[in-house]
Amino acid sequence: MSETQEIKDGLTVLEETEGREDATYDHIVKYTGFLGGIQVLTILVSVVRNKLAAVLLSTAGVGLSALYQSVIGFLHNTSNLGISFSSIKEIAEYYGENHPEKVLLQVEVVRTWSVWTGLAGMLLCLLFSPAISYWAFGDTSHILPLCLLSPVMGFMAVTVGEISILKAVRRLKRVALISVLGAAATLLLTVPFYYFWGMSGVVPALVVSTLGVMVAHLSLSLPVFPWRVNLLNRSHFRKGWSMVRLGVPYIMATAVNMSVAMGISLFITNWGSLSDVGLYGMGYNLVITYAGVVFTAVDADYFPRLSSVNADVGRMNQTINRQIKVCVLLMSPFLVLFMICMPLAIKVLYSSSFLPMTGMAVCASMHMFFKSMTLPVAYTSLAKGDAVMYLCMEAAYDIFMAVCVIVGFVYGGILGTGIALALAGVFDWWMIYAVYGRRYGFRPDKAARPFMAAQFLCVAAALFLGMQSEVWLKVAAGGCVLGASVWLSASAIRKEITLFSELKRRIGGRFGKRRRLSK
């Protein structure tokens with residue numbers, strides 16, 4: 001059997017026998033929950049690793065490691081040209097159209113570009129190590145460690161290329177397993193260096209752990225697509241330019257976002273204090289990181305599905321609207337509970353000294369509700385290959401958000417920044433629905449509007465209760481609001497999703513069979 005036929009039998013036919021899962025609620029809920037759970041596990045492993053690093057390295061060592069990782073991340077994002085993201089669209093389109101030959105060729109193109117961008121990243125790290133050492137550390141004593149970190153650029157380039165390939169062909173179980181293996185490898189390969197060499201082990205720990213993560217990715221991707229690259233093939237370079245045209249604006253949008261975040265921090269520092277910056281930063285991370293677990297599947301599962309149907313407006317709208325509904329029905333009960341229990345969450349995750357950010361975090365949580373309705377639509381421009389539009393929309397949102405946060409802090413302090421983030425979420429929702437509706441023909445599902453409105457009222461009520469100081473009011477009224485939100489989501493699940501009823505039927509059937517056998 002030829003390799004092309006193996007790809008067709010092992011990948012394309014798998015999707016055909018599953019009844020076009022790209023259009024079912026069961027698939028969306030199953031993989032959103034599955035990948036979200038994996039993300040929680042990965043976060044827990046990261047918490048353990050950070051805790052051990054703090055004990056073994058002290059604050060100075062942790063700070064040194066963080067600086068090195070920031071430098072590596074910046075150089076990697078600069079040199080990879082966004083191929084780690086844009087390649088998903090290219091492969092997913094061929095995969096959705098049932099063209100295994102083109103899938104194989106595009107995988108080879110992606111790997112070839114990944115190797116070249118990895119080599120470019122290594123060269124950038126070597127050439128700019130003196131300037132980076134002086135800029136980041138104030139002297140030239142870190143030139144040699146930065147040069148020794150250059151192989152990390154190559155390892156990272158190969159790693160992100162392999163994970164994008166698996167996402168594009170929807171090997172989501174392998175993607176999830178890679179996340180766990182990568183986190184475990186980083187934990188197991190860094191701690192010994194920290195334990196035996198302390199701060200001197202930071203550089204070798206980064207190199208070895210990144211190598212271990214790359215090996216973990218290759219061990220799960222090579223059985224699907226054997227390794228093939230052609231570094232001197234001109235046609236591969238020509239085919240890769242479409243990925244670059246999509247990836248560069250994506251990287252520019254990320255750079256704009258990072259610049260805005262840095263600008264906000266600098267303004268708060270100058271207008272307020274370092275304590276204010278800490279409260280804003282920790283509040284923002286609390287809401288975005290923990291509530292954002294629900295969106296883990298959007299990048300891994302949803303974007304490849306959307307890319308494969310982007311040419312069909314009807315299927316595109318169906319895919320987007322179903323993803324929106326699932327995001328809202330999963331996010332809303334979580335946000336209600338999160339907003340009501342915010343002081344407790346802050347004490348558990350941080351300490352009582354961060355309680356002044358409670359109001360800010362509660363208000364900012366409303367931003368996540370609107371993001372659950374916005375994010376699935378925002379990927380449309382990337383799925384269509386219209387990366388310039390994506391850049392413009394992201395830049396417009398970032399600028400509006402920055403202005404809102406600055407004005408909010410001037411007039412309302414830390415609480416004002418939370419209100420500003422909520423308003424930015426409303427603006428982003430209005431802007432994307434208006435622009436993408438006209439440009440791409442997106443139409444929200446009218447039948448889902450009552451459900452969306454009801455969940456919005458639940459989240460708004462939770463926002464009001466989260467701002468109150470009376471515990472009895474939060475417990476009594478908050479319990480009712482949470483119950484209403486859960487009931488709304490459960491009703492939607494029972495109506496649209498057969499996954500749980502099928503699971504119940506199978507469990508009941510097994511118990512019934514056991515009873516008959518026992519008799």
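The structure presented is a predicted model; accordingly, all values stated were derived computationally and were not measured. Any value given below was found using the heavy atoms of this structure, including those in side chains, with hydrogens, waters and symmetry copies removed.
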For the residue pair Phe427 and Tyr397, is the inter-centroid distance of their aromatic rings smaller than 6.0 Å?
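No, too far apart.
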Report yes if the side chains of [X] and [Y] come closer than 4.5 Å at any heavy-atom pair, otherwise no.
| X | Y | result |
| --- | --- | --- |
| Phe370 | Phe456 | yes |
| Leu465 | Met339 | no |
| Lys371 | Asp428 | no |
| Phe338 | Met368 | no |
| His76 | Thr117 | no |
| Pro444 | Met373 | no |
| Tyr284 | Thr417 | no |

Identify the two heavy atoms, one from [X] and one from [Y], that lie closest to each other, and give their separation to 0.1 Å.
| X | Y | answer |
| --- | --- | --- |
| Met357 | Gly283 | SD-N, 3.4 Å |
| Ala216 | Ile178 | O-CG1, 4.4 Å |
| Ile340 | Ala462 | CG1-CB, 4.3 Å |
| Met467 | Cys363 | SD-SG, 4.1 Å |
| Arg111 | Pro226 | NH1-O, 2.8 Å |
| Ala157 | Gly118 | CB-CA, 3.4 Å |

Residues, nucleotides or ligands: over 12 heavy atoms within 6.0 Å of Met389 CE:
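Counting other residues, nucleotides and ligands, CE of Met389 exceeds 12 neighbours.
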Just wondering, are more than 12 heavy atoms of other shown residues or ligands nearer than 6.0 Å to CH2 in Trp487?
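Not more than 12 within 6.0 Å, no.
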Rounded distance [0.5 Å steps], [atom1] in [X] versus [atom2] in [Y]:
| X | Y | atom1 | atom2 | value |
| --- | --- | --- | --- | --- |
| Leu104 | Ile91 | CG | CD1 | 10.0 Å |
| Met360 | Leu421 | CE | CG | 5.0 Å |
| Ile163 | Ser221 | CD1 | OG | 8.5 Å |
| Leu335 | Met366 | CG | CE | 8.5 Å |
| Leu488 | Ser332 | CG | OG | 8.5 Å |
| Phe155 | His217 | CZ | NE2 | 14.0 Å |

Do [X] side-chain atoms and [Y] backbone N/O form a donor-acceptor pair below 3.5 Å?
| X | Y | result |
| --- | --- | --- |
| Asn317 | Gly441 | yes |
| Arg174 | Leu220 | yes |
| Asn321 | Lys446 | no |
| Trp116 | Leu231 | yes |
| Ser164 | Gly161 | yes |
| Thr112 | Asn230 | yes |

Pairs flagged by side chain to side chain donor-acceptor pair (under 3.5 Å) wherever residues 449-464 is involved - sequence neighbours left out
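Residue pairs passing side chain to side chain donor-acceptor pair (under 3.5 Å), neighbours aside: Gln455-Ser485, Gln455-Ser489.
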Quick one: side chain to side chain donor-acceptor pair (under 3.5 Å) pairs with a partner in residues 383-395, sequence neighbours left out?
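Only Asp386-Arg439, Asp386-Tyr440 qualify under side chain to side chain donor-acceptor pair (under 3.5 Å).
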Derivation of the side-chain contact (heavy atoms from CB on, under 4.5 Å) call for Val426 and Trp430:
CA-CA 6 Å; Val426 176; Trp430 170 81; 5.5 Å; no
CA sep, side-chain torsions, deciding dist, call: Met452, Ile324, side-chain contact (heavy atoms from CB on, under 4.5 Å)
CA-CA 10 Å; Met452 303 290 183; Ile324 290 173; 3.6 Å; yes
Evaluate the side-chain contact (heavy atoms from CB on, under 4.5 Å) criterion for residues Met153 and Ser79: first the C-alpha distance (whole Å), next the side-chain angles of each, then the deciding distance (0.1 Å), finally the verdict.
CA-CA 9 Å; Met153 308 302 300; Ser79 61; 4.2 Å; yes
Show your reasoning for whether side-chain contact (heavy atoms from CB on, under 4.5 Å) applies to Lys325 and Val328.
CA-CA 5 Å; Lys325 190 168 185 179; Val328 172; 5.9 Å; no
